[in-house]
Colleague: 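I have a structure here, written as structure tokens, and I will follow up with some questions on it.
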Amino acid sequence: MHHVIDHPLIQAELTALRDRNCPGTAFRQHLRRIASLMVPAVTADFATRPVPCETPLEITDGAAPERGIVLTPVLRAGLGFLDGFFDLLPQASVAHIGLARNEDTLLPEPYYMKVPPNLADCEVILLDPMLATGGSAVEALKKLKEAGAKHLRFACLVAAPEGIQTFEDAMPDVPIFTAAVDRCLNDKGYILPGLGDAGDRLFGTAG
């Protein structure tokens with residue numbers, strides 16, 4: 001199932017970020033703010049446990065997340081989402097997954113993976129700004145499941161309908177949270193209207 005986080009502040013930031021004339025510094029700032037604004041919706045159904053809280057006047061009941069939290073950016077564009085999630089989830093651990101496209105098969109292949117040892121006991125949030133064809137997200141989730149992850153969700157900035165369909169066919173148990181669902185993919189696999197290559201715009205590596 002996919003959830004579109006339709007919030008006026010997110011839409012304003014996304015509009016500014018899509019602009020082709022938005023410089024890299026501003027692009028990173030907009031992306032970070034959008035990520036932070038998405039956190040409450042992405043984490044809204046996290047399980048909690050009761051904890052005592054001593055106020056200046058008395059002891060009352062409080063709550064804390066029942067499980068640890070692991071943020072997992074897909075290298076490299078996913079790094080642009082990480083700081084915004086960290087702003088609201090400073091206690092989270094970080095896993096990293098690097099994927100590269102095989103030029104012969106056109107399929108994503110992992111080239112790097114580092115995860116915390118207690119992945120099975122944590123809420124794992126996969127982060128990648130773009131859900132285009134869906135291949136990278138699905139491959140990353142397969143690797144996380146192989147590493148023991150059980151409580152998974154995926155957060156992205158913009159999704160294409162084709163990518164959503166591929167994702168939900170392969171991972172029906174993993175919810176998608178996105179700021180926007182765009183129109184379609186073009187013949188090169190870019191999202192339309194989209195925002196170009198998120199990694200290139202983040203890190204100033206456009207040709």
Side-chain angles (χ1 to χ4, degrees), residues 1-17 25-75 77-97 113-129 131 137 140-141 143-145 147-159 167 171-181 198 202:
M1 178 177 293
H2 68 277
H3 309 271
V4 180
I5 306 173
D6 188 13
H7 190 286
L9 295 181
I10 291 177
Q11 298 310 315
E13 295 285 349
L14 180 57
T15 299
L17 178 150
T25 300
F27 188 94
R28 290 188 290 273
Q29 292 170 345
H30 291 304
L31 184 55
R32 180 173 184 157
R33 287 195 289 266
I34 292 170
S36 291
L37 288 165
M38 290 178 66
V39 171
V42 174
T43 61
D45 64 346
F46 275 8
T48 60
R49 56 182 173 82
V51 295
C53 175
E54 187 172 356
T55 78
L57 299 176
E58 63 181 29
I59 296 176
T60 188
D61 294 329
E66 183 175 328
R67 305 183 183 99
I69 300 168
V70 177
L71 303 175
T72 310
V74 177
L75 304 177
L79 294 172
F81 244 20
L82 182 60
D83 284 344
F85 273 78
F86 251 149
D87 287 342
L88 273 70
L89 301 169
Q91 76 277 26
S93 301
V94 180
H96 292 90
I97 294 181
M113 184 167 176
K114 184 72 172 179
V115 301
N118 59 336
L119 210 60
D121 301 323
C122 296
E123 300 281 0
V124 180
I125 307 174
L126 184 67
L127 306 174
D128 199 352
L131 179 61
L141 288 166
K143 302 306 290 184
L144 287 168
K145 286 186 174 185
K150 297 178 180 178
H151 311 285
L152 287 155
R153 57 198 63 208
F154 175 64
C156 64
L157 179 67
V158 176
F167 186 109
M171 297 285 166
D173 57 322
V174 180
I176 301 168
F177 296 86
T178 183
V181 177
L202 272 165

Colleague: Sequence neighbours left out, what passes side chain to side chain contact (heavy atoms under 4.5 Å, CB included) with Q91? Give chain and number order.
Modeller: P65, I69, L89
Colleague: Salt bridge (Lys or Arg N to Asp or Glu O under 4.0 Å) with R153: which residues, sequence neighbours excluded?
Modeller: D45, E123
Colleague: Who pairs with A147 by side chain to side chain contact (heavy atoms under 4.5 Å, CB included), at least two apart in sequence or on another chain?
Modeller: M113, V115, L119
Colleague: Checking R32 now: which residues fulfil salt bridge (Lys or Arg N to Asp or Glu O under 4.0 Å) with it, not counting sequence neighbours?
Modeller: D83, D87
Colleague: Atom CG in L37, atom CD in Q11: separation rounded to 0.5 Å?
Modeller: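 With rounding to 0.5 Å, CG (L37) is 10.5 Å from CD (Q11).
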Colleague: Return the minimal non-hydrogen interatomic distance between L127 and L82, and the atom names on each side.
Modeller: CD1-CA, 4.0 Å
Colleague: Nearest heavy-atom pair of A140 and V74: which atoms, and what distance?
Modeller: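 Between these two residues, the closest heavy atoms are CB-CG2, 4.2 Å.
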Colleague: With sequence neighbours excluded, what pairs up with A26 under the side chain to side chain contact (heavy atoms under 4.5 Å, CB included) test?
Modeller: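 Checked A26 against side chain to side chain contact (heavy atoms under 4.5 Å, CB included); matches are C22, P23, H30.
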Colleague: Measuring from F167:CZ to I176:CD1, what's the distance to the nearest 0.5 Å?
Modeller: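 The CZ atom of F167 sits 4.5 Å away from the CD1 atom of I176.
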Colleague: I want to check something: taking the side chain as every heavy atom from C-beta on, are F27 and L202 in contact at a cut-off of under 4.5 Å?
Modeller: yes
Colleague: I want to check something: taking the side chain as every heavy atom from C-beta on, are T43 and I125 in contact at a cut-off of under 4.5 Å?
Modeller: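 Yes, side chains in contact.
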Colleague: Looking only at non-hydrogen atoms, find the nearest pair between A41 and F177 and report the distance.
Modeller: O-CE2, 3.5 Å
Colleague: Tell me the closest heavy-atom pair linking P116 and S93, and the distance in Å.
Modeller: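 Closest heavy-atom pair between P116 and S93: CG-CB, 4.0 Å.
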Colleague: Which atom pair, heavy atoms only, marks the closest approach of A149 to V124?
Modeller: CB-CG2, 4.1 Å
Colleague: Who passes salt bridge (Lys or Arg N to Asp or Glu O under 4.0 Å) against D173, sequence neighbours left out?
Modeller: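 By the salt bridge (Lys or Arg N to Asp or Glu O under 4.0 Å) rule, D173 matches K145.
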Colleague: Please tell me if the side chains of P40 and I5 come closer than 4.5 Å, counting only heavy atoms from C-beta onward.
Modeller: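 No; the side chains remain at least 4.5 Å from each other.
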Colleague: Is L144 close to L126 at the side-chain level, that is, under 4.5 Å between some pair of heavy atoms?
Modeller: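 With C-beta onward as the side chain, the pair touches.
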Colleague: Do H96 and L79 have side-chain heavy atoms sitting under 4.5 Å apart?
Modeller: yes
Colleague: Do M38 and F81 touch side chain to side chain, with heavy atoms closer than 4.5 Å?
Modeller: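 The answer is yes, as the side chains (C-beta and beyond) meet within the 4.5 Å cut-off.
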Colleague: Do you know which two heavy atoms are closest between L31 and L17, and how far apart they sit?
Modeller: N-CD1, 3.6 Å
